[in-house]
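Working notes, beginning with the structure itself.
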Amino acid sequence: MLGGAGLVAVNVYASAGEGWGDGSGTETTGRVRSTGMATIDCPDIGSRLTAVPDAARPDVDRELARLDQQTAAAYRQLQQAGQGGGADAASADDGIMNPLEEKRSVSIGRITDAIDRAGERPQGLESLAACTLRPGETGQATGVPGDGDGRNGTGQEQSGTGQEQSGTGQGQSGAGQGGNGPVASDYADITAVPPEAPAPQPQAGASRGTFTTDCGVNANGLFNSDNVIVAPGVSNGAHHVHDYVGNQANNAFASDEDLARAGTSCVDQGDKSSYYWPVLRLQNGTHERDAGAPGGGTEGNAGQIVTPRQVTLTFVGNPLGEVTAMPRLLRIITGDAKAFVNGPGNANASWSCTGHEDRQLKDKYPLCPPGSDVVRTFRFQSCWDGRNIDSANHRTHVAFAAPDGSCPAGFRPIPQLVQRIVYDVDAPSLADGGRTVPLFAVDSFPEQLHKPVTDHGDFINVFDEDLMREMVDCINSGRTCGPSGGDSGTTATPPASPGSGVTAAPGDGAGRQPAETGTSAPTPSAARTGEARRHDVTASPARTAKRDTDDGAAPAEPVEPRSTPVRSTSARPTPSSPSPSPSPSAPASAAPGAPGRTTAAAYAPPPAAPSAPRAAGGSLAETGAQLWPAAVGTLLALSGLFMFLRARRLRY
């Protein structure tokens with residue numbers, strides 16, 4: 001009787017959990033197993049260059065871009081050679097890693113020589129030529145290297161679980177449509193994440209205002225795989241595709257003058273700033289027009305590009321004191337596109353779900369409950385060194401404030417950009433590798449495997465001086481100002497601490513959405529390019545957020561290359577002065593039924609995926625067909641019980 005019951009319990013439990021990713025690496029009848037994807041870990045040279053003379057920057061930028069090209073090419077070789085499980089390491093060294101080291105040595109030598117010709121020769125760069133082959137591990141999670149040398153750091157998972165399948169456009173072992181991620185272990189149930197600690201209270205002299213600019217959701221489909229900040233003059237310098245809102249001339253060859261003359265998608269035409277971030281894609285088998293292009297499908301960035309449902313761009317104040325104006329053409333990069341191999345030192349990814357924005361994920365994509373949308377948020381650096389609009393590594397001229405709002409010595413507080421992007425995508429069906437409801441992921445460098453920790457945002461300040469003065473005055477005087485340049489005439493709630501790391505919906509007073517509301521923060525609508533600044537004296541009715549109706553929109557055509565003059569690295573801040581402001585504009589939330597929405601629901605059955613899938617792949621009938629040992633066990637248990645009762649009645 002006991003043996004039969006045990007057989008029942010063991011068989012039912014094994015069938016119920018069959019195929020779920022437990023990191024065991026054991027194949028089951030559900031064919032769900034750990035995905036052992038190898039990758040290449042190269043020391044990031046650019047982050048080590050904190051001082052590069054202006055005269056050397058064009059040559060240095062060009063060689064840094066070449067280093068990225070070399071790593072991407074080596075990773076493609078690794079994929080083609082079938083090194084996913086780490087087999088035949090000697091062959092990988094001879095055919096991939098050693099040639100990569102030789103190429104990197106040449107480029108690093110050119111960087112050293114270029115800097116030496118214009119200033120002091122850098123030391124120690126030659127030792128950074130060698131890269132590490134990080135084999136995919138079956139059955140174990142691999143930590144993020146803490147310093148780029150392959151050592152485990154924060155416990156970021158490299159291996160995960162995936163579903164082998166055919167006919168859906170997914171790669172081997174559930175490795176995403178491009179074959180290099182994402183995997184099931186890259187996702188986490190947002191409802192299981194502990195809430196963030198409350199932000200520190202602002203001081204008495206805090207700048208409590210907020211200034212919102214409305215620049216649309218990139219409904220016109222302005223995409224490219226350039227990065228004019230990191231790789232000016234180099235086509236495909238990012239090796240992944242960016243969404244652009246605001247300035248309409250941003251590409252690798254755009255000079256400062258080009259950005260200043262360009263059109264803008266912002267409602268307020270005084271804001272020609274450029275806001276850009278990696279696109280989010282559904283791994284649903286769709287072939288976008290960049291499927292065979294650099295930065296797209298040829299580098300593992302495949303699937304349908306999703307147009308955001310909402311984009312909110314809000315500038316907030318400092319919890320300690322007043323802010324000063326940003327210098328024109330200030331560049332800020334937040335997050336690290338190479339954080340998976342570089343480690344989390346510069347990572348600033350933050351993922352959540354509407355209605356749950358007091359819970360934030362840094363190294364996982366969120367599994368949102370039904371009715372909740374995916375939210376990715378960036379809280380940019382808010383301290384400026386007072387001199388430079390950029391720096392050699394694009395980081396040291398700006399810094400994050402401490403939790404109390406204080407800036408490092410020699411830095412001054414500036415308005416902090418809080419960028420919140422909302423997507424109407426469903427929680428993917430992890431149990432079947434995204435077959436029922438597709439996986440989603442951001443574009444990345446190919447060797448970064450689409451890890452969520454690599455998410456990042458870029459900003460170039462092209463506000464005109466008058467509008468920047470309005471922004472600073474609005475924030476310092478504690479008002480809530482909308483995209484028309486006006487304000488509500490009310491005192492704003494205090495912003496979250498810039499140094500707290502909480503990157504939630506702006507303007508809610510605590511840096512987060514109350515979980516019980518179940519709704520997202522009000523968000524400005526999309527805007528048409530060239531729309532005039534509004535000066536209405538009453539709050540305007542909510543406008544429907546515009547959505548991209550062209551799912552296959554082609555990347556924007558690049559302009560002809562042009563010479564880009566070396567940027568001046570010094571600028572004076574514009575002093576803050578009171579400026580009269582017109583009346584408010586009411587923020588609007590997107591209409592839930594807006595036409596042209598690009599969602600996972602279009603490629604999946606109507607029922608929403610569970611927030612934390614547990615069942616294995618296969619139907620209930622398939623699972624039941626494998627329960628015959630349980631049936632035998634049931635008969636044995638009943639027989640044992642019958643014999644036990646009979647034995648009790650016998651007289652001896």
Side-chain angles (χ1 to χ4, degrees), residues 34-47 63-111 125-138 140 142-145 147-152 156 158-160 162 171-173 175-183 225 231 234 236-240 292 294-302 337-343 443-451 454:
S34 292
T35 303
M37 288 185 294
T39 194
I40 294 176
D41 181 350
C42 295
D44 188 4
I45 306 297
S47 63
E63 293 303 324
L64 290 175
R66 186 170 284 124
L67 288 171
D68 289 337
Q69 293 169 357
Q70 294 162 358
T71 304
Y75 177 77
R76 285 194 294 271
Q77 284 182 276
L78 186 66
Q79 281 190 305
Q80 294 165 2
Q83 296 295 328
D88 197 8
S91 174
D93 284 341
D94 293 340
I96 301 174
M97 303 306 293
N98 292 339
L100 175 60
E101 181 177 357
E102 294 173 3
K103 294 174 184 177
R104 283 174 59 86
S105 294
V106 173
S107 291
I108 291 172
R110 291 172 178 163
I111 290 172
L125 294 184
E126 296 81 1
S127 64
L128 304 177
C131 299
T132 302
L133 175 62
R134 289 174 55 181
E137 295 185 10
T138 302
Q140 295 182 8
T142 301
V144 173
D147 54 7
D149 63 357
R151 293 194 298 269
N152 289 351
Q156 167 73 21
Q158 172 181 340
S159 61
Q172 296 93 358
S173 301
Q177 186 172 335
N180 61 343
V183 294
S225 59
V234 179
N236 190 39
H239 296 269
H240 53 265
T298 63
E299 299 190 73
N301 294 307
K338 302 176 184 177
F340 181 53
V341 298
N342 283 350
D443 271 18
S444 73
F445 283 93
E447 75 279 1
Q448 301 298 312
L449 308 182
H450 299 284
K451 296 298 181 185
T454 66

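In this text, all values refer to a predicted model and were calculated from it rather than measured experimentally.
- Looking at Arg104, its side chain never comes within 3.5 Å of a backbone N or O of Thr71 through a donor-acceptor pair.
- Here the straight-line distance linking atom CD of Glu126 with atom CD1 of Ile111 works out to 10.5 Å at 0.5 Å rounding.
- Counting heavy atoms from C-beta on, the side chains of Leu133 and Ile96 never come closer than 4.5 Å.
- One finds the CD1 atom of Ile108 at 6.0 Å from the CG atom of Leu67 (value rounded to the nearest 0.5 Å).
- Between the CG atom in Asp44 and the CG atom in Leu64 there is a gap of 8.0 Å [rounded to 0.5 Å].
- Taking CG from Leu125 and OG from Ser105, the interatomic distance works out to 11.5 Å, rounded to the nearest 0.5 Å.
- Among all heavy-atom pairs drawn from Ala231 and Gly237, the shortest one is CB-CA, 3.9 Å.
- A heavy-atom distance below 4.5 Å is not found between the side chains of Phe445 and Thr454.
- In this structure, the side chain of Asn180 engages the main chain of Pro446 through a donor-acceptor pair within 3.5 Å.
- Among residues two or more places apart in sequence or in another chain, the side-chain hydrogen bond (donor to acceptor under 3.5 Å, both in side chains) test is passed with Arg76 by none.
- In this structure, the side chain of Thr39 engages the main chain of Glu447 through a donor-acceptor pair within 3.5 Å.
- Scanning all heavy atoms of the two residues, the minimum distance from Ala38 to Leu78 falls at CB-CD2, 3.8 Å.
- In this structure the side chain of Val234 never reaches within 4.5 angstrom of the side chain of Arg66, judged on heavy atoms.
- Under a 3.5 Å cut-off, the side chain of His240 and the backbone N or O of His450 do not form any donor-acceptor pair.
- Ile40 and Cys131 get closest at one heavy-atom pair: CG2-CB, 4.0 Å.
- Taking Asn236 as the reference, Ser225, His239, Pro294, Glu299 meet the side chain to side chain contact (heavy atoms under 4.5 Å, CB included) condition, with sequence neighbours excluded.
- Side-chain contact annotation: Glu63 with Ser107, donor-acceptor N/O pair under 3.5 Å present.
- Residue Asn301 comes nearest to Gly295 through the heavy atom pair ND2-O, 3.1 Å, listed as atom of the first residue, atom of the second, then distance.
- Between Asn342 and Cys42, the closest heavy-atom pair is OD1-O, 4.3 Å.
- Taking all atoms of both residues into account, the shortest heavy-atom contact from Ala339 to Gln448 is N-OE1, 3.9 Å.
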